[in-house]
Amino acid sequence: MAPRSLAVFDLDGTLADVRHRLRFLERRPRDWDGFFGASLEDPPLAEGVALALRHAETSEIAYVTGRPERCRHSTLTWLRRHGLPSGRLLMRRAGDRRPARVAKPELLRRLAAGRTVAVVVDDDLQVCAAYRRAGFHVVHAGWMAEARAVLEEAQEREGGT
Ligand SMILES: [Mg+2]
């Protein structure tokens with residue numbers, strides 16, 4: 001039997017509401033440790049969670065996030081706590097400061113090797129554009145729009161998430 005297709009979800013701004021911790025990025029210098037440290041408290045984004053559960057009926061769920069590896073334990077705890085499907089979690093390597101639009105397509109290509117990716121869902125427009133250029137079918141997560149500008153600017157300049 002062929003393996004099921006993959007439906008791939010981003011975390012920050014797609015499944016997890018990061019707005020309560022954007023204050024850590026509005027400081028100078030930006031406090032990335034504070035930003036990631038508070039992620040366990042993120043409220044889930046209902047639209048994203050519903051989409052993941054719907055895709056889980058037909059696809060295997062996986063997660064590609066710009067969060068660094070040191071957040072793996074708290075991220076898995078958060079996914080379980082909010083009833084999200086288990087699946088592979090690909091994260092940014094320690095010390096990787098490249099923009100998300102560069103780092104995340106590389107993670108997705110690694111995940112996709114030999115598999116069919118039915119859809120990838122992300123809130124970052126530049127990441128979505130890079131995924132499309134790499135040939136993936138993309139759904140843009142527009143449901144946390146207010147937070148996107150601050151986050152994207154930080155991602156682009158400092159490659160933190
Ligand atoms: Mg995101």
Side-chain angles (χ1 to χ4, degrees), residues 6-26 30-56 61-79 81-82 84-85 87-94 96-112 117-134 136-161:
L6 289 164
V8 182
F9 285 77
D10 168 50
L11 263 293
D12 293 330
T14 297
L15 297 173
D17 189 342
V18 304
R19 283 174 286 193
H20 70 102
R21 52 188 168 102
L22 288 175
R23 59 196 160 89
F24 292 106
L25 301 184
E26 285 158 357
R30 292 189 175 92
D31 179 2
W32 288 104
D33 284 341
F35 179 71
F36 290 122
S39 64
L40 207 47
E41 307 311 317
D42 290 353
L45 290 163
E47 295 93 333
V49 173
L51 194 60
L53 293 175
R54 202 157 71 238
H55 278 289
I61 302 298
Y63 304 94
V64 169
T65 176
R67 291 183 190 183
E69 278 289 346
R70 68 178 186 275
C71 298
R72 177 169 293 274
H73 180 77
S74 59
T75 299
L76 290 171
T77 300
W78 187 91
L79 288 167
R81 180 182 291 175
H82 295 290
L84 283 147
R88 287 187 66 189
L89 169 63
L90 274 76
M91 311 187 83
R92 187 191 287 276
R93 284 188 316 272
D96 182 353
R97 292 276 171 216
R98 296 173 300 167
R101 63 186 158 77
V102 178
K104 290 173 81 174
E106 188 178 291
L107 292 172
L108 182 58
R109 276 194 295 271
R110 195 198 311 162
L111 180 70
V117 174
V119 65
V120 54
V121 185
D122 200 290
D123 67 307
D124 183 327
L125 287 168
Q126 295 199 54
V127 170
C128 287
Y131 282 156
R132 287 195 183 100
R133 279 195 300 275
F136 294 104
H137 173 61
V138 177
V139 168
H140 176 241
W143 39 80
M144 205 195 67
E146 308 93 287
R148 220 183 308 137
V150 172
L151 195 58
E152 282 187 5
E153 200 241 3
Q155 284 168 334
E156 178 63 20
R157 286 170 183 268
E158 296 177 18
T161 186

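Throughout, residue positions are numbered sequentially from 1 according to the sequence presented. Keep in mind that this is a model prediction, so the values were computed, not measured. In listed order, ligands and their atoms are each counted from 1.
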Peer 1: At less than 2.8 Å, would any N/O/S atom of D12, backbone or side chain, sit next to the Mg ion (ligand 1)?
Peer 2: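 Under 2.8 Å: D12 contacts the Mg ion (ligand 1) through an N, O or S atom.
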Peer 1: Short question: side chain of R21, backbone of E41 - any donor-acceptor pair under 3.5 Å?
Peer 2: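 Judged by distance alone, no pair lies under 3.5 Å.
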Peer 1: Flag the pair D33 and R70 as a salt bridge only when some basic side-chain nitrogen lies within less than 4.0 angstrom of an acidic carboxylate oxygen.
Peer 2: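 R70 and D33: salt-bridged.
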Peer 1: Would you call D42 and R67 a salt bridge, taking side-chain N to carboxylate O under 4.0 Å as the test?
Peer 2: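 Yes, charged N to carboxylate O under 4.0 Å.
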Peer 1: Quick check on the Mg ion (ligand 1): does D10 put an N/O/S atom closer than 2.8 Å to it?
Peer 2: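 So D10 counts as coordinating the Mg ion (ligand 1), yes.
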Peer 1: Do the side chains of E69 and R72 get close enough for a salt bridge, i.e. N-O under 4.0 angstrom?
Peer 2: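 Salt bridge between E69 and R72, a charged N being under 4.0 Å from a carboxylate O: yes.
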Peer 1: Restricting to N/O/S, name the atom of D123 that gets closest to the Mg ion (ligand 1).
Peer 2: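 Minimum-distance N/O/S atom of D123 relative to the Mg ion (ligand 1) is OD1.
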